[in-house]
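Working notes, beginning with the structure itself.
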Amino acid sequence: ELVSPNDNDNVYDVGNFFIISKKEIKNFKKTAKNFSYTSENNPDFFSVPVGDNTSLGDGTNGNGYVTEYNYLYSTGSGTADLSNLSINDLTGNLLTPNAFYVNGNNLSTVDLSHQTNLMDFDAGFNQISTLNLGQNTSLVNLDLESNLLASLDLSSFSSLSSINVSNNNLSTLDLRNGNNISVTSFSAINNPNLQCISVDDATWATTNWTSIDANTSFSDDCALFSS
């Protein structure tokens, strides 16, 4: 017997499997236009108020609908790609994917405090000046290129292997996460106010992380550098 969960006639539960109609698969494509998919039918998604295509809603489950998205969901993980959609507000975001891409939007504030499992986050090419990465201590890849960040503390994120904070307004950057040697890709160029970066080992960082401005140097503690 085919059972349609959440009164959704296009998705059927057969034991441990789901049968999804061709129509539903088509609707899942990112290029689909004017597709309404409420968070009431999928509590792991988000809501957008009717007529507002530039924000992710008011945080009320099922309040509104989405017109364009790409969310590849698997149990407890997944990829949410909301890049280049002219989004200017992440309020109401209920997503908890492993990978979250919001690059190329108009965001000024990002708050990820609602989740803890994020591993890959790309928010490059926005206008972000306020960022809360929450307790996503498993974060591996972080791209914040071309934003308006003035200060960034990544000392709690010891799983990082790729960091891009180039083209910001950084004046303070703390990378003392106890595992700098695992960061194989690093860039902090074009931050003219960034004179010092706090790292685990200044000598190691100077040798291995060369994508910094000429006026920037590494220190085991930049508080000592500025005193």
Side-chain angles (χ1 to χ4, degrees), residues 30 39 44-61 63-71 78-157 160 162-175 186-195 197-198 211-213 216:
K30 183 179 178 180
S39 56
D44 296 298
F45 205 60
F46 50 81
S47 58
V48 176
V50 175
D52 183 355
N53 295 327
T54 62
S55 73
L56 295 188
D58 58 8
T60 302
N61 191 28
N63 186 21
Y65 38 103
V66 177
T67 57
E68 184 175 26
Y69 72 95
N70 182 20
Y71 185 31
T79 296
D81 187 349
L82 301 177
S83 57
N84 302 303
L85 294 178
S86 299
I87 296 171
N88 58 27
D89 186 2
L90 284 179
T91 302
N93 172 30
L94 304 177
L95 291 171
T96 56
N98 281 344
F100 194 20
Y101 308 131
V102 293
N103 50 295
N105 284 294
N106 302 312
L107 298 169
S108 60
T109 299
V110 172
D111 186 353
L112 300 174
S113 59
H114 68 285
Q115 72 174 109
T116 60
N117 62 318
L118 193 62
M119 298 179 66
D120 191 356
F121 182 55
D122 185 350
F125 298 94
N126 281 279
Q127 293 90 46
I128 299 171
S129 59
T130 303
L131 173 66
N132 183 354
L133 292 174
Q135 301 300 313
N136 291 285
T137 54
S138 296
L139 195 62
V140 175
N141 301 306
L142 179 63
D143 190 341
L144 300 171
E145 178 184 2
S146 298
N147 278 288
L148 301 175
L149 294 168
S151 179
L152 186 61
D153 186 349
L154 298 177
S155 59
S156 298
F157 303 91
L160 285 167
S162 176
I163 303 171
N164 186 354
V165 292
S166 58
N167 298 298
N168 273 276
N169 294 330
L170 289 170
S171 59
T172 61
L173 177 59
D174 193 341
L175 301 179
F186 173 76
S187 179
I189 59 174
N190 295 326
N191 282 282
N193 298 321
L194 187 60
Q195 297 184 351
I197 302 174
S198 292
S211 294
I212 59 174
D213 296 327
T216 305

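For the residue pair Asp120 / Tyr101, a side-chain donor-acceptor distance below 3.5 Å is found, with atom types taken as modelled.
The main-chain N or O of Asn106 is found under 3.5 Å from a side-chain atom of Asn126 such that the two form a donor-acceptor pair. No donor-acceptor pair closer than 3.5 Å links the side chain of Asp174 to the backbone N or O of Ser155. The backbone N or O of Leu194 lies less than 3.5 Å from no partner atom in the side chain of Asp213, so there is not a single donor-acceptor pair. Side-chain atoms of Asp122 come within 3.5 Å of backbone N or O of Gly124 as a donor-acceptor pair. Side-chain atoms of Asn164 come within 3.5 Å of backbone N or O of Ser166 as a donor-acceptor pair. Without hydrogens or angle criteria, Asn103 side chain to Glu145 main chain gives no donor-acceptor distance under 3.5 Å. Judged by distance alone, with hydrogens and angles left aside, the side-chain atoms of Gln127 form no donor-acceptor pair with the main-chain N or O of Leu148 at under 3.5 Å.
One finds the CG atom of Asn191 at 12.0 Å from the CD atom of Gln195 (value rounded to the nearest 0.5 Å).
Phe121 and Leu133 make their closest contact through CD2-CD2, 4.1 Å (heavy atoms, listed as atom of the first residue, atom of the second, distance). When all heavy atoms of Ile128 and Leu131 are compared, the closest pair comes out as CG2-CB, 4.2 Å. Scanning both residues, Asn169 and Asn193, for their nearest heavy atoms gives O-ND2, 4.4 Å. Residues Asn132 and Ser113 approach most closely at ND2-CB, 3.7 Å, considering heavy atoms. Residues Leu175 and Leu154 come closest through the heavy atom pair CD2-CD1, 3.6 Å. Summarising the geometry of Ala188 relative to Ile197, their closest heavy-atom pair is CB-CD1, 4.3 Å, with the distance given to 0.1 Å.
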Can you list the steps and then say if Asn88 with Asn105 is a side-chain hydrogen bond (donor to acceptor under 3.5 Å, both in side chains)? CA-CA 7 Å; Asn88 58 27; Asn105 284 294; over 6 Å; no

side-chain contact (heavy atoms from CB on, under 4.5 Å) between Leu82 and Phe100: does it pass, once the steps are laid out? CA-CA 8 Å; Leu82 301 177; Phe100 194 20; 3.8 Å; yes

Derivation and outcome, side-chain contact (heavy atoms from CB on, under 4.5 Å), residues Val102 and Leu107: CA-CA 9 Å; Val102 293; Leu107 298 169; 3.9 Å; yes

